[in-house]
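Worksheet: the structure to be examined is printed underneath.
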Amino acid sequence: MTSLNLRFYLAGYSGLLLPRAMRRLLARTNLHRAWLAGDVGVFKEERPEGMVACGVCDREWIQFRKGAGRAPAKLRTIAIHLISPFGR
């Protein structure tokens, strides 16, 4: 079982854009922080020197911040991502 914070992180990491009303409802909570960290691609990685925080400059992919591909997701899509974060 995964925590709710991890589920929101994975939803953000997969590129799911939450509607503005939902983001305002979740503002300043750990759920919003988890989603935002996933959305911008922040993660921790185990390396020989220990745990290292990796961020926007360390990722190997690009996600455009604007455009049709970044339209807010429907509530049904958000629910599916939160219920089964690792797919089916």
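Here the structure is a predicted model, which means the values were calculated and not measured.
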(request) Using modelled atom types only, decide if a donor and an acceptor are shared between the side chain of R7 and the backbone of H81 within a distance under 3.5 Å. (result)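 A pair under 3.5 Å: no.
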Say you draw a straight line from [atom1] of [X] to [atom2] of [Y]; how long is it, rounded to the nearest 0.5 Å?
X	Y	atom1	atom2	result
I80	L75	CD1	CG	11.5 Å
L82	T77	CG	OG1	11.0 Å
L4	L31	CG	CG	5.0 Å

(message) Tell me whether V52 shares a hydrophobic cluster with V40, the cluster being built from Ile, Leu, Val, Met, Phe, Trp, Tyr side chains joined at under 4.5 Å.
(response)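 No, it is not one cluster - the side chains of V52 and V40 are not joined through contacts under 4.5 Å.
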(request) Go through the structure and list residues passing ring-ring contact (aromatic ring centres under 6.0 Å, His included) with F8, not counting sequence neighbours. (result)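 With neighbours one apart ignored, the set is empty.
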(request) Can you tell me which residue pairs pass the salt bridge (Lys or Arg N to Asp or Glu O under 4.0 Å) test with a partner in residues 17-26, sequence neighbours excluded? (result)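 Non-adjacent pairs meeting salt bridge (Lys or Arg N to Asp or Glu O under 4.0 Å): zero.
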(message) Per the ring pair (Phe, Tyr, Trp, His ring centres under 6.0 Å) rule, what does the pair list look like for residues 14-33, sequence neighbours excluded?
(response)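 Ring pair (Phe, Tyr, Trp, His ring centres under 6.0 Å) check on residues 14-33 returns H32-W35.
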(message) Under the rule for side chain to side chain contact (heavy atoms under 4.5 Å, CB included), what residues qualify as partners of N30, not counting sequence neighbours?
(response)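 With neighbours one apart ignored, the set is N5, R33.
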(message) For a quick test of reading the model, state the closest non-hydrogen atom pair linking P19 to P72 and the distance between them.
(response)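 For P19 versus P72, the nearest heavy atoms are CA-CB, 4.0 Å.
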(message) Using the salt bridge (charged side-chain N to carboxylate O under 4.0 Å, His left out) criterion, which residues pair with E45? Sequence neighbours excluded.
(response)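 Testing E45 for salt bridge (charged side-chain N to carboxylate O under 4.0 Å, His left out), a comparison that skips the adjacent residues, returns R47.
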